[in-house]
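A note on names: the letters A, B, ... follow the listed sequences, proteins ahead of strands, and every chain is numbered from 1. Please read these numbers as outputs of a predicted model, since none were measured by experiment.
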Number of protein chains: 2
Amino acid sequence: MRTTPNVSVDVVLLSLHQGKLQVALHRRARGPFQDCLALPGGYVHVDKDGSIEATAYRVLKQKTGLQPRYLEQLRTFAGPQRDPRGWSVAISHVALMPYEELRQAGDEVFHFHDVDGLPDLAFDHAEQIREAVRRVCNKASYSTLPCWLLPELFTLTQLQRTYEQIFGETVSRSTFRSRLGIKVAEAHPGESADQADILLATDQFQGGSQRPARLFRVNQLSLFKRACW
Amino acid sequence: MRTTPNVSVDVVLLSLHQGKLQVALHRRARGPFQDCLALPGGYVHVDKDGSIEATAYRVLKQKTGLQPRYLEQLRTFAGPQRDPRGWSVAISHVALMPYEELRQAGDEVFHFHDVDGLPDLAFDHAEQIREAVRRVCNKASYSTLPCWLLPELFTLTQLQRTYEQIFGETVSRSTFRSRLGIKVAEAHPGESADQADILLATDQFQGGSQRPARLFRVNQLSLFKRACW
DNA sequence: ACTCTTAGTTGAACTTTGCAACTATCTGAG
DNA sequence: CTCAGATAGTTGCAAAGTTCAACTAAGAGT
């Protein structure tokens, strides 16, 4: 019989906390890289997994009990060196979640670490995280991807802060709003749920001790015309 | 022993011919989908392949005797259904080559087909091609990717035609040139091989029976600021 | 020398962007 | 009740970038 590589799925679960992108890591209980920090991951179970995404969701469910709001295949990392047990294939994914949802799951198993200044990690997980962060940062520059790091309803200022934290620099308020095609005046809620609208205005507001800010909901993953801020 | 899925590598090799994107296909000699058209692909050989890219290059070398000028991982297609023999993993790649180089290899084994209007293909290869074309078209809109469909040296008009054929619509000449940041006046060859330059001007010209056009070489894969034409 | 054709440049109209000043709406203190 | 403070949201304009068309350049063939 021909030998075939081991196939596993890894998930780079990212969230935004304390103004930084953070990644979910756990400490390996056994096997190679014992006691080392690692990404959540697991082997494909050919008897019960109906797809790769199913494997990714199963792994996350087992470890955290939660479903991420956003999941996307990142890239497949493979080769003879990445696992001391031999040729292996890791189908890496990026997942995004608002931090509030993660807190509810408790952090007995998982801990969140800033994506920069990480300690040594198992396998090629450091490289996977680097590439995941690059993908998110890149995609944030031309799409509404960062919306999935926030709760379902959010204010424009919250979203702007999210972009700023991903980029690590401030963005102009009017640039931000025009990039998102905000035109609240006409786009009153209940009216035309326009397919072209990037964000959907709700009729709910979030009031602090100032003028309340309108809450928005993301329509779908939309792309901007420009990719630079 | 735990069962593990089969792992193979597929390559969507694209080229531009007769004003259309074309894909390399061969007819399967055996196995599932016998006599069906299929992408070049093969199993990972854990004893001789040093990486996934090595597998992809080996497969192409075996079939065509050529190295593509551009190779990039596309996405991993996996699941219990795509191969009748059971759970399988196909790490799909996109490769680009100028058509002239392909002609030299002869077409006993491979044939080129327009990417639209394809007949039934083996496995999920139709989906892989759809996604590869989408990736190329998308990446063409904001990068110099199409340069790898041309010979090493090319004229601006050739490159413009390449973009137009990928998009399926004409682009304005000045839009095209300003998007590429052409400023031949200062960028005379031999001078500053500026890292920021998208294209590098050579001092060679290609003359037809009109004014000869300067030949350019691509510097590196560069990204544009705007993503729409 | 003249014409035809394609290459490459220039400049002006138009559009988009980015900043700053302005108005709006809430809370809480006096 | 009013006013100050704070954040939300709008508007208008200057600067920068984009697109188009008209112009010049350079070769080949007649």
Exercise for the section: Answer yes if the side chains of His93(A) and Asp10(A) hold a donor-acceptor pair under 3.5 Å, and no otherwise. Expected result: no
Completion exercise
Whole-Å distance, Arg226(B) CZ to dA16(D) P, equals 18 Å
Exercise for the section: Mind checking Thr157(B) for me? I need base, sugar-phosphate or nothing, with any heavy atom below 4.0 Å counting as a touch. Expected result: sugar-phosphate
Practice task
Find the distance Gln206(B):CD to dT5(C):C1' and express it as a whole number of Å.
Solution key: 15 Å
Handout entry: Trp229(A) CH2 - dC19(C) C1' separation (whole Å)
Key = 16 Å
Practice task
Consider only side-chain N and O atoms of Glu72(B) and Tyr70(B), and report whether a donor and an acceptor are under 3.5 Å apart.
Solution key: yes
Handout entry: Test item: side-chain donor near acceptor, Gln128(B) and Ser92(B), under 3.5 Å
Key = yes
Exercise for the section: Record whether the side chain of Arg211(B) comes under 3.5 Å of the base of dA26(D) through a donor-acceptor pair of N or O atoms. Expected result: no
Exercise for the section: Take atom CG of Leu215(A) and atom C1' of dC26(C), then tell me their distance rounded to the nearest Å. Expected result: 15 Å
What are the atom names and distances for every N/O pair under 3.5 Å that joins the protein to nucleotides 28-30 of chain C?
none

Problem - Rounded distance (Å) that lies between atom C1' of dA8(D) and atom CZ of Phe216(A) - result: 11 Å
Exercise for the section: Let me know, please, whether Ala213(B) or Pro212(A) comes out on the 5' side of the other along DNA chain C by nearest nucleotide. Expected result: Ala213(B)
Exercise for the section: Looking only at non-hydrogen atoms, find the nearest pair between Glu53(A) and Leu71(A) and report the distance. Expected result: O-CD2, 4.4 Å
Exercise for the section: Provide, to the nearest angstrom, the distance between the CD atom belonging to Gln158(B) and the P atom belonging to dG8(C). Expected result: 11 Å
Problem - Phe123(A) ring center near Phe77(A) ring center (under 6.0 Å) - result: no
Fill in the blank from the handout: The residue, Phe205(A) or Cys228(B), whose nearest nucleotide of DNA chain D is more 5′ is Phe205(A)
Problem - Separation of dG18(C) C1' from Lys225(B) NZ (nearest whole Å) - result: 14 Å
Problem - Contacts of type salt bridge (charged side-chain N to carboxylate O under 4.0 Å, His left out), residue Arg177(A), not counting sequence neighbours - result: none
Exercise for the section: For residues 164-176 of chain B, pull every pair meeting side-chain hydrogen bond (donor to acceptor under 3.5 Å, both in side chains), keeping only residues two or more places apart or in separate chains. Expected result: Gln160(B)-Glu164(B), Arg161(B)-Glu164(B), Ser172(B)-Thr175(B)
Handout entry: By side-chain contact (heavy atoms from CB on, under 4.5 Å) - contacts of Thr144(B) (at least two apart)
Key = Cys147(B), Trp148(B), Tyr163(B), Leu180(B), Ile198(B), Val218(B), Leu221(B), Ser222(B), Phe224(B)
Handout entry: His113(A): ring pair (Phe, Tyr, Trp, His ring centres under 6.0 Å) partners, not counting sequence neighbours
Key = none
Exercise for the section: Pull out every residue in residues 159-177 of chain A that has a heavy atom closer than 4.0 Å to any atom of DNA chain C, ordered by number, or say none. Expected result: Ser172(A), Arg173(A), Ser174(A), Thr175(A)
Exercise for the section: Starting from P on dT7(D), measure out to CD on Gln210(A) and report it in whole angstrom. Expected result: 5 Å
